[in-house]
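Sequence positions, counted from 1, serve as the residue numbers for this chain. Note that these values count all heavy atoms, side chains included, but never hydrogens, waters or copies made by symmetry.
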Amino acid sequence: MSSVVEVASKEGHEDCNELIDPNHIADVTAMNVSLSTEKFLQAAISLKDQVVEATWKGGIGNGQSIDITVYKGLLGTAFTCLRSYEVTGNHQDLLLSAEIINACALLAPTFTRNPTFLCGIGGVYALGAVVANFRGEHRRRDYFVDLFLEVAQERALPSGPDEGGFGMPYELLHGRAGFLWAALFINKHLGQETVPMDLLMPVVEAVLAGGRAGVSDTTACPLMYRWHGTRYWGAAHGLAGIFQVLLHFPLSGEDEEDVKGTLRYMMRNRFPHSGNYPSSEGNPRDKLVQWSHGATGMSITLCKAAQVYSSEREFRDAAIEAGEVVWKSGLVRRVGLADGVSGNAYAFLSLFRLTGESIYRERAKAFASFLYYNARKLVTASHVRGGDHAYSLFEGLAGTACLWFDMTSPESSKFPGFEL
C-alpha cells in the first residue's frame, strides 16, 4: 500500500457515513504498528505541499471564482501552512501563509460581511493578525486587528431577540459563535484583551438570550437555536458548536446552569441503542457520526465541558461514551474534518488530552494511519459533494495534513477552527 501522494478523478459519490468495513477496528489497529511520528511528519509536509500546489500555485487571478474562506477556500491553505510552521519552524510556510492571507485581504471588501472565522471575513482578519504577529510585522498585525475591531462593533452582533436579533444566526459557521471564536483565536495569540471583553460579553449575552428565546414550550431544554428553521445539535450549525465557544467565557451562575442543563438534556436524549447524538431536535435518523453532526462534535464539546466543570464527572463520562461511538462507527468514507475520518480522529485526541489515557492516542493514530494508506482512494471516490473541494481544510486533504501534523505532538493537538 502506498501513502497519499495525489488526488485523482472526481467521479462518483458515496454516503459520507457509510463505514469502510464493518470489521474496521482490527484493520486500523494493525495498521497502527508501523507508522512512526517521523512518517506522519513527512506525510504531513508532503500533503501540505500538494495542498499549496493545488489551491495556491495555480494563481488567484485565473479568472475563476475564488473561495477565500477557512472552511473550504484559500484561507484553509493559509491555516494549514501556519500549522506546518508551528510544528516544523519552517519560515517559508509562514511566508506562504502571509502571502495567501494578503491576497485574500484584497478580496475581502467584496466578500460577505459574515463575521465568522470559518466562513467569513473574521477569518481573514484573525488569521492575518496572528500570522503577521508570528512574522514580527507589528504594523500589519495592528492593521488586521483594527479591521477585526471594526467588525466587532457592528450593532447586529450584540442585539438580543427583543431587539430583532434573530436576523443574525448564532451558530459556528455563519453566526455569532463563529465571530466569538475568531476573537478568542486572536486573544489567545496576541493577548487576552486584544479584542476587549467589553465588546465580546454583550455578544455572549445575546447568544444566551437567543437560546432562551428559541426554546419550545414542549421541550425541557434551557437553550435552543435554529439554523434555517432546524434546531441542530451538531458542531457546525447547532448546540455543540455554540457551547464549545461559550465554555471559553466567564458565565454567571444562571448562564452556567442553562449551558449545563442543555448538555444534560442532550446526554439524556441521545440514541439509546448506539449512544450517538441526533443531528437535530427530534430527528430519528441515527446515521451521522462526524464533527458537523453526531458523536464526534459532541465528544469534543463534552471534553471542554469536563475541563470547565471538572468537579462534575458526568460530562467526562459522556465525552468518553461519545468517543466509544466514534471508535465503533466513525471510520467513514470521507477524509475531511467536517464529515470525515480526519475530523473523527480529533475526538480521540481531545479525549487523550482530557484523560491522559494512551488508548485514545492510539485510536487517533489508528484513524490517522488508515488515512495514510487510504486518503487518496477516498478522494478519488469523490467523497466531497461535487468533488471540487478535495484539497480544502474542512472538506478535503488540508484537514488530513493538519491531523498528521498534530499526530507528532498529540498532547498539544487542537481541532482546526474549533479548539483553542
Between the side chains of [X] and [Y], does any donor sit under 3.5 Å from an acceptor?
{"X": "Gln290", "Y": "Asp339", "value": "yes"}
{"X": "Ser159", "Y": "Arg155", "value": "yes"}
{"X": "Ser342", "Y": "Thr400", "value": "yes"}
{"X": "Tyr225", "Y": "Glu281", "value": "no"}
{"X": "Thr77", "Y": "Thr55", "value": "yes"}
{"X": "Asn102", "Y": "Arg140", "value": "yes"}

| request: Determine the interplanar angle of the His237 and His293 rings, folded into 0 to 90°, and report it as parallel if under 30°, tilted if 30 to 60°, perpendicular if over 60°. | output: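 Rings of His237 and His293: tilted, 30 to 60°.
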Salt bridge (charged side-chain N to carboxylate O under 4.0 Å, His left out) contacts touching [range] (sequence neighbours left out):
{"range": "residues 411-420", "value": "Arg353-Glu419"}
{"range": "residues 237-248", "value": "none"}
{"range": "residues 239-266", "value": "Arg212-Asp255, Arg212-Asp258, Glu257-Lys260, Lys260-Glu312, Arg264-Glu312, Arg264-Glu314"}
{"range": "residues 188-198", "value": "none"}

| Where do Ser392 and Lys72 come nearest, in terms of heavy atoms and distance? |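 Here Ser392 and Lys72 meet closest at CB-CA, 3.4 Å.
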| message | Consider ring-ring contact (aromatic ring centres under 6.0 Å, His included). Of Phe418, Phe185, Phe394, which one does Phe117 pass it with? | response |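 Exactly one candidate clears the test, Phe185.
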| Which value, rounded to the nearest 0.5 Å, describes the distance between Asp406 atom CG and Glu86 atom CD? |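 Nearest 0.5 Å value for the CG-CD distance: 9.0 Å.
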| Atom OG1 in Thr69, atom NE2 in His174: separation rounded to 0.5 Å? |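 Reported to 0.5 Å precision, the distance equals 9.0 Å.
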| task | Provide the full list of ring-ring contact (aromatic ring centres under 6.0 Å, His included) pairs with a residue in residues 333-360, sequence neighbours left out, each pair given once. | result |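 For residues 333-360, and leaving out neighbouring residues, the ring-ring contact (aromatic ring centres under 6.0 Å, His included) pairs sorted by first residue read Trp327-Phe348, Tyr346-Phe415, Phe348-Phe367.
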| Hey, mind stepping through Arg270 and Glu321 against salt bridge (Lys or Arg N to Asp or Glu O under 4.0 Å) and telling me if it holds? | CA-CA 11 Å; Arg270 61 190 187 268; Glu321 290 166 6; 2.6 Å; yes
| request: Answer with yes or no after comparing the ring centroid distance for Phe148 and Phe179 against a 6.0 Å cut-off, counting only values under it. | output: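 Between Phe179 and Phe148, which both carry aromatic rings, the centre distance is below 6.0 Å.
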| Main-chain N/O of Ala295 paired with Ser299 side-chain donor or acceptor, under 3.5 Å |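 A pair under 3.5 Å: no.
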Can I get a per-line list of side-chain donor-acceptor pairs under 3.5 Å for residues 91-101, giving both atom names and the distance, sequence neighbours left out?
{"unit_1": "Asp93", "atom_1": "OD1", "unit_2": "Lys48", "atom_2": "NZ", "d": "2.7"}
{"unit_1": "Asp93", "atom_1": "OD2", "unit_2": "Ser84", "atom_2": "OG", "d": "2.7"}
{"unit_1": "Ser97", "atom_1": "OG", "unit_2": "Ala78", "atom_2": "O", "d": "2.9"}

